[in-house]
Every structure is written in structure tokens, then in C-alpha cells.
Visitor: 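The structure follows.
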2 protein chains.
Amino acid sequence: MTQRKKQPQITRAALLDAAGEHFARAGYAGTSLGSVVTRAALTKGALFHHFPDKRSLAQAWIDERLASAVTALWLAPLEQADSLDALRNLCRLRFSELAPGDATSTLSALAAELTPADDLLSACLAQIHDAWRAAIAGLLERGKAAGQIHRSIKPAAEAAFFVALIAGVTVTAKAAAHADTRRACLSSLEDYLETLRSQSA
Amino acid sequence: MTQRKKQPQITRAALLDAAGEHFARAGYAGTSLGSVVTRAALTKGALFHHFPDKRSLAQAWIDERLASAVTALWLAPLEQADSLDALRNLCRLRFSELAPGDATSTLSALAAELTPADDLLSACLAQIHDAWRAAIAGLLERGKAAGQIHRSIKPAAEAAFFVALIAGVTVTAKAAAHADTRRACLSSLEDYLETLRSQSA
DNA sequence: GCGCGCATACCTTGCGGTCGGTATTCTCCC
DNA sequence: GGGAGAATACCGACCGCAAGGTATGCGCGC
């Protein structure tokens with residue numbers, strides 16, 4: 001246990017946590033730094049000691065928290081998988097957890113809010129989307145190699161389709177009242193995944 | 001031509017137009033009323049004469065402009081249609097026009113930004129999504145009646161799936177650099193639509 | 001002249017961001 | 001090893017400004 005001096009990491013972490021909660025709830029523009037430091041039980045001085053400005057705070061949170069959360073939710077579980085069943089089961093699991101404020105929904109919400117090309121935040125978000133697509137495409141590639149997935153399908157295109165659909169569900173069926181809409185999407189998604197299966201499987 | 005006295009409608013319309021441009025570009029929280037009146041070459045006085053507050057301005061724009069734009073883009077062209085080909089062709093057309101700031105993208109962006117249940121704006125957006133889903137479901141119902149669409153498909157579920165996908169594309173492939181991602185989604189979408197077709201067709 | 005439609009000026013609040021100060025810890029030298 | 005000094009980690013008051021919103025005035029058609 002190399003106990004450091006005063007662990008500035010925990011202050012920084014508290015700020016990132018508080019910022020994340022507000023970003024998830026109110027978006028980037030809707031989040032005020034005052035509310036962040038209040039939530040973290042800290043002060044502006046601490047915030048601007050660790051981050052030069054609001055944008056840097058958001059970037060740090062996206063890179064260090066949101067990205068790893070998406071990885072844990074969607075990339076890591078499929079790292080070695082090559083079956084459509086694994087993908088379907090993961091979708092069922094994730095859909096059952098979908099709620100406003102979770103990592104999947106927040107990724108979509110921030111990507112929708114931030115205007116492209118004008119700043120680097122959207123680039124960070126696009127990077128997460130790219131990694132997500134790559135993970136799905138990888139699974140489909142392996143599934144093709146294993147003969148479970150039809151030869152004619154194009155993994156990159158299907159992965160883009162898949163990721164867009166998940167993002168769209170979080171946007172169009174956001175409210176709690178749309179739980180049946182989410183279920184409908186999941187049902188159709190499962191049917192769609194079956195169409196990727198090789199006939200010989 | 002019943003020319004009214006001074007046509008307050010055109011001032012109101014100018015304000016709605018200006019507000020819409022900013023909502024599309026910066027979202028709700030990112031839009032300032034000052035920039036709206038500047039864009040419309042008017043003043044705060046005019047704005048608050050026609051709308052009691054910012055939220056009402058946004059609601060009016062959503063109800064009067066965004067809703068009708070979505071209707072013109074996605075509902076009206078399919079009003080009588082019953083074929084998958086009509087839907088596919090419309091998708092091709094709309095995908096070719098997709099760009100940040102258009103009605104489809106703005107609907108998704110606002111729906112993603114606005115937190116559900118806390119205000120009536122998200123209810124207005126949900127209403128648009130509902131109408132959109134209903135239009136797609138109607139087409140699928142008619143297609144089933146016409147025997148072109150497979151009997152086992154559930155129109156409501158497929159419609160939710162479809163609308164979520166379009167929204168997701170506008171979010172995950174927003175930047176101009178992702179034109180190929182949009183094309184990939186369109187390609188997979190067309191393949192997916194084909195799976196709805198009745199074998200006997 | 002009276003009310004509608006809008007402009008001007010202004011108010012309050014809260015925003016992102018700055019700055020000097022202070023306590024604590026690390027570093028270096030003897 | 002221990003003390004001086006630099007660097008770190010954080011506080012809290014403060015600033016300029018732009019935000020949403022208001023109060024009042026003015027022109028013009030009826």
C-alpha cells in the first residue's frame with residue numbers, strides 16, 4: 001500500500017463523478033460548474049485547479065468515465081464472442097437496464113447535443129462510437145469465420161446499423177412510459193439479428 | 001387577399017424561424033433569446049410580446065414547425081402507400097438529404113437533450129415520435145393487407161424499430177465525415193426491410 | 001384617444017472564470 | 001535528520017458579462 005500524500009485523485013474523481021451526473025441529466029450546456037462543485041462538496045478553486053475550463057472537464061469525463069463505461073457495457077462482454085446468441089443475450093440484458101442517465105443514453109444525448117466539427121468533444125464521442133462499431137464488427141467477422149453468420153453480410157455496415165439502433169432507442173423511447181416501445185425495439189432487433197444467421201447454422 | 005392591418009404573424013413567424021435555426025444548431029439550453037432576436041432583426045420586446053417565456057417559444061416552434069416538417073418529410077409521402085418499395089425509396093431520398101440541422105436530426109437532438117417527464121417539451125417531441133411510428137405502422141398494416149408483407153411481422157414493433165434507427169443514424173453519424181456510416185446504415189436498412197416481405201410476394 | 005404591436009432601457013440572477021491566500025507536502029542541502 | 005523553501009492542493013471571495021425576464025414608452029391603425 002503506497003499511500004500517497006493526500007490523494008488528489010479522490011478530489012478529481014469526486015469532481016468527475018459530480019460532473020457526470022449533471023451531464024447525464026442536463027447535458028453539457030445545461031450543466032453549471034457551480035452545481036458540479038456543490039454536488040461534489042468542493043469549491044471552484046478545486047475544480048479549476050484540476051481542469052483549466054469546462055470543456056476540459058467534460059473531455060476528461062468522456063475519456064475517463066463514459067468511454068470505460070461503454071467499454072464495460074458493450075465491448076468487454078463481446079471481446080471474444082463470435083455468436084449471435086451472445087449479442088442477443090447482451091442486448092436483452094442491456095435493454096432491461098436502459099434508463100435515462102445511464103452510460104448508453106448519455107452517450108447518445110451528448111452526441112446529439114454537441115455540434116460536430118466545432119470542437120473536440122464530439123470527436124471524443126465519435127471515437128467511442130467508432131470503438132463500439134468496431135467491437136460489433138469484430139464479433140460479426142468472427143461469426144462469419146465460424147460459419148454461423150451468413151457470408152453475404154457486411155460486418156461494418158451491420159455494426160453501424162446496430163449501434164445506430166441502440167442509440168436511437170435511447171432517444172426515441174427515453175421516458176419511462178415508453179418501456180413497451182423499448183421492448184418492441186428489442187423484439188424487432190432480435191428478429192433482425194436472426195436474419196444475419198447463416199442458413200446452414 | 002384579406003390583407004390584415006399589420007400582420008403580426010410575420011413577426012411571430014420570423015421569431016419562430018430564428019429560434020428554430022438556433023435550436024437546430026445549439027439545442028435548447030444552448031440557445032439564447034438574445035441571439036434569437038438578433039437573428040430575427042427584432043427585439044426582446046417583440047419576443048416576449050408573442051411568447052411568455054423561452055419554453056413557450058420552444059413549444060410553439062416544435063408544435064408549429066418541427067411537427068409539420070416531420071409530417072412533410074416522413075408522414076405525408078407515405079399516407080396512402082402500402083409497399084415496402086415506397087418506404088425504401090423514401091429512406092433513400094431522406095438519407096441523401098440528412099445533414100446537421102435538418103428536421104429529422106433536430107427532432108432527435110432535442111429529444112435527446114430534453115429530460116423526460118420534467119417538462120412538456122419532451123411530451124411534444126414524444127407526440128411527434130408517436131405520429132411517426134403510427135404512420136410507419138399504418139403502412140405496414142396496409143402492406144400486410146395487400147399481402148406484400150409477411151403475416152408474422154408486428155407493425156407496431158417494426159415501426160418503433162424503424163423510427164429508432166433513423167433517429168440513431170442522425171445521432172451516431174452526425175458529422176459530415178460519417179457519410180459512409182450513413183450509407184452503411186441505409187444499406188443494412190434496405191436489407192432489413194426486405195426481410196419483412198412476404199415470401200409469396 | 002385608445003389599444004395593439006413592438007422598441008428601449010433596465011433589472012436580477014447566475015454563469016464561466018480569476019486571483020490572492022493558506023495549509024500541507026515534497027525536495028534539497030547541510 | 002531536520003529545517004528552509006518550493007511546489008502542491010485547495011479555499012473562498014470576487015469579476016465581467018450574458019442570460020432570462022420586466023417596465024415603460026412610442027407609433028400607428030381603428
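Throughout, protein chains are lettered first and strands after them, A, B, ... in sequence-line order, and every chain is numbered starting at 1.
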Visitor: Measure CG/B:L33 against P/C:dT13 and give the value in whole Å, please.
Guide: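 Computing the B:L33:CG to C:dT13:P distance gives 18 Å.
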Visitor: Under a plain distance cut-off of 3.5 Å, with no hydrogens placed, do A:T195 and B:T195 share a side-chain donor-acceptor pair?
Guide: no
Visitor: Would you say the rings of A:F161 and A:Y192 are close, in the sense that their centroids are separated by under 6.0 Å?
Guide: yes
Visitor: Tell me, please, which residues at least two apart from B:F51 pass ring-ring contact (aromatic ring centres under 6.0 Å, His included).
Guide: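 ring-ring contact (aromatic ring centres under 6.0 Å, His included) check on B:F51 returns nothing, list empty.
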Visitor: Where along residues 34-46 of chain A does a heavy atom fall under 4.0 Å from DNA chain D?
Guide: A:L42, A:T43, A:G45, A:A46
Visitor: In whole angstroms, how far is the P atom of C:dT18 from the CG atom of A:L47?
Guide: 12 Å
Visitor: Strictly by side chain to side chain donor-acceptor pair (under 3.5 Å), give each pair with a member in residues 80-89 of chain A just once, sequence neighbours left out.
Guide: A:D85-A:R88, A:D85-A:Q148
Visitor: Please determine, by modelled atom types, if B:S68 and B:T71 share a side-chain donor-acceptor pair under 3.5 angstrom.
Guide: no
Visitor: Only one of B:T106, B:L120, B:L107 forms a side chain to side chain contact (heavy atoms under 4.5 Å, CB included) with B:L125, so which one is it?
Guide: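 Among B:T106, B:L120, B:L107, the one meeting side chain to side chain contact (heavy atoms under 4.5 Å, CB included) with B:L125 is B:L107.
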Visitor: Does a donor on one side chain and an acceptor on the other come within less than 3.5 Å for B:S108 and B:S105?
Guide: no
Visitor: Below the 4.0 Å mark, does D:dA9 have OP1 or OP2 next to a side-chain nitrogen or oxygen of A:T11?
Guide: no
Visitor: When you compare the side chains of A:W132 and B:T172, does any donor N or O come within less than 3.5 Å of an acceptor on the partner?
Guide: no
Visitor: Pairing donors with acceptors under 3.5 angstrom, does anything connect the side chains of A:S188 and A:D191?
Guide: no
Visitor: Once you round it to whole Å, what is the distance between C1' of C:dC6 and CD of B:Q9?
Guide: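 Taking CD of B:Q9 and C1' of C:dC6, I get 15 Å after rounding.
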Visitor: Looking at B:H49, I'd like to know whether one of its side-chain N or O atoms comes within less than 4.0 Å of OP1 or OP2 on C:dA7.
Guide: no
Visitor: Could you identify which residues of residues 51-65 of chain B place a heavy atom less than 4.0 Å from some atom of DNA chain C, listed by residue number, or say none?
Guide: none
Visitor: For DNA chain C, find the residues of residues 20-32 of chain A with a heavy-atom distance under 4.0 Å and give them by number; none if there aren't any.
Guide: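 The stretch gives A:T31, A:S32 as the residues lying under 4.0 Å from the strand, ordered by number.
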Visitor: Please list all pairs passing the salt bridge (Lys or Arg N to Asp or Glu O under 4.0 Å) test where one or both residues lie in residues 132-141 of chain A, with sequence neighbours left out.
Guide: A:D130-A:R133
Visitor: Under 6.0 Å from the six-membered ring centre of B:Y28 and within 45° of its axis: does the NZ or CZ of B:K54 meet both?
Guide: yes
Visitor: With a 4.0 Å limit, can you tell me whether B:H50 has a side-chain N or O closer than that to the phosphate oxygens OP1/OP2 of C:dC6?
Guide: yes
